[in-house]
Student: 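I am attaching a structure below and will ask some questions about it afterwards.
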Number of protein chains: 2
Amino acid sequence: MQDDDIANIMRALGHPVRLSILRFLASQQQRECCCGDVTESLPLAQSTVSQHIKVLLDAGLIERKPHGTRNRYMIRQDRLAELGTAFGGLIDGLNLRAPHKETEPA
Amino acid sequence: MQDDDIANIMRALGHPVRLSILRFLASQQQRECCCGDVTESLPLAQSTVSQHIKVLLDAGLIERKPHGTRNRYMIRQDRLAELGTAFGGLIDGLNLRAPHKETEPA
DNA sequence: CATGTTCATCGCAATTCACCGATTAAATTC
DNA sequence: GAATTTAATCGGTGAATTGCGATGAACATG
């Protein structure tokens with residue numbers, strides 16, 4: 001994952017409403033969870049929530065699964081893990097970088 | 001650290017140029033490192049770089065140390081560590097959370 | 001086929017962002 | 001104290017973001 005991708009995801013995470021949406025999805029993950037549910041949990045219009053969902057979709061942080069008239073959304077755990085790794089690497093790389101990167105002993 | 005702060009920092013990290021600036025600062029950390037140096041390393045105007053630096057400053061990711069006519073910048077390692085923790089907590093919280101909420105204001 | 005539900009998408013307004021050149025402020029140097 | 005250096009800030013422009021209500025597509029049901 002390179003800087004552009006990381007920046008992209010960071011921007012997607014860079015809005016309180018989108019963090020709320022992710023948190024909500026996490027808390028409801030095993031049940032049905034459609035756009036309407038998310039909208040009910042927020043003081044925003046349905047269209048606005050749909051937009052935010054699209055941003056999260058584009059960043060690859062969630063996935064859509066059509067189910068009848070509604071769409072079920074869920075967090076992409078694989079991408080979260082990937083992001084965790086990339087972010088760790090970023091922080092690590094910013095941490096007083098030496099001439100070459102090496103895993104330091106604890 | 002709450003969602004607004006996290007979102008704020010994420011937004012600060014959500015731009016490739018700002019990631020580049022952080023990486024540059026990390027690579028030069030022990031030497032003098034002023035706005036001009038950063039500007040030279042990027043295809044952007046000085047004013048633009050200064051703006052990005054301000055965003056990073058406001059997010060608390062770097063600090064400024066006046067030194068003669070120039071300002072020396074450096075990464076705030078303490079904040080990076082803090083951020084790492086907060087981010088880990090975020091990812092963790094999104095990772096299939098069990099349906100119990102403990103802290104709830106009435 | 002008509003109706004209702006769900007939700008993505010389409011305008012549209014207001015705000016913010018990213019970038020630039022020009023200016024200003026502060027410190028140094030002559 | 002004038003000139004130089006460094007860099008923050010101002011003003012402006014165009015693009016993107018955030019919010020909304022309204023429209024329309026896809027599906028289910030009467």
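Every chain is numbered from 1, with letters handed out A, B, ... down the list of sequences.
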Student: Nearest to the Thr69(A) side chain among dT5(C), dT9(D), dA8(C), which nucleotide is it?
Tutor: dT5(C)
Student: Report yes if a side-chain nitrogen or oxygen of Asn71(A) is closer than 4.0 Å to either non-bridging phosphate oxygen (OP1 or OP2) of dT6(C); otherwise report no.
Tutor: no
Student: Would you name the heavy atoms of Gly84(A) and Phe87(B) that are closest together and state the gap between them?
Tutor: CA-CE2, 4.4 Å
Student: Send over the distance from Arg72(B) CZ to dA26(C) P, rounded to a whole Å.
Tutor: 21 Å
Student: Kindly indicate whether the side chain of Asp4(B), heavy atoms from C-beta on, has any atom under 4.5 Å from the side chain of Leu19(A).
Tutor: no
Student: Round to the nearest Å and state the distance from Tyr73(A) atom OH to dC7(C) atom P.
Tutor: 8 Å
Student: Please determine which of Leu25(A), Leu13(A), Val55(A) meets the side chain to side chain contact (heavy atoms under 4.5 Å, CB included) test together with Leu61(A).
Tutor: Leu13(A)
Student: Treat primed atoms plus P, OP1 and OP2 as sugar-phosphate and everything else as base, then score nucleotides 15-22 of chain C 5' to 3': B for base contact with protein heavy atoms under 4.0 Å, S for sugar-phosphate contact only, - for none.
Tutor: --SSBBBB
Student: Within a strict 4.5 Å, meaning less than it, do heavy atoms of the Lys65(A) and Tyr73(A) side chains meet?
Tutor: no
Student: Whole-Å distance between dA8(C) C1' and Lys65(A) NZ?
Tutor: 19 Å
Student: Drop me the distance from Thr48(B)'s OG1 to Leu42(B)'s CG, to the nearest 0.5 angstrom.
Tutor: 10.0 Å
Student: Has Ser50(B) got a side-chain atom pairing as donor or acceptor with Gln46(B)'s backbone, closer than 3.5 angstrom?
Tutor: no
Student: Whole angstroms only, please: what is the CG-C1' distance between Leu42(A) and dC20(D)?
Tutor: 15 Å
Student: Rounded to the nearest angstrom, tell me the gap between atom CZ in Arg70(A) and atom C1' in dT6(C).
Tutor: 7 Å
Student: Between dT9(C) atom C1' and Lys54(A) atom NZ, what is the distance in whole Å?
Tutor: 9 Å
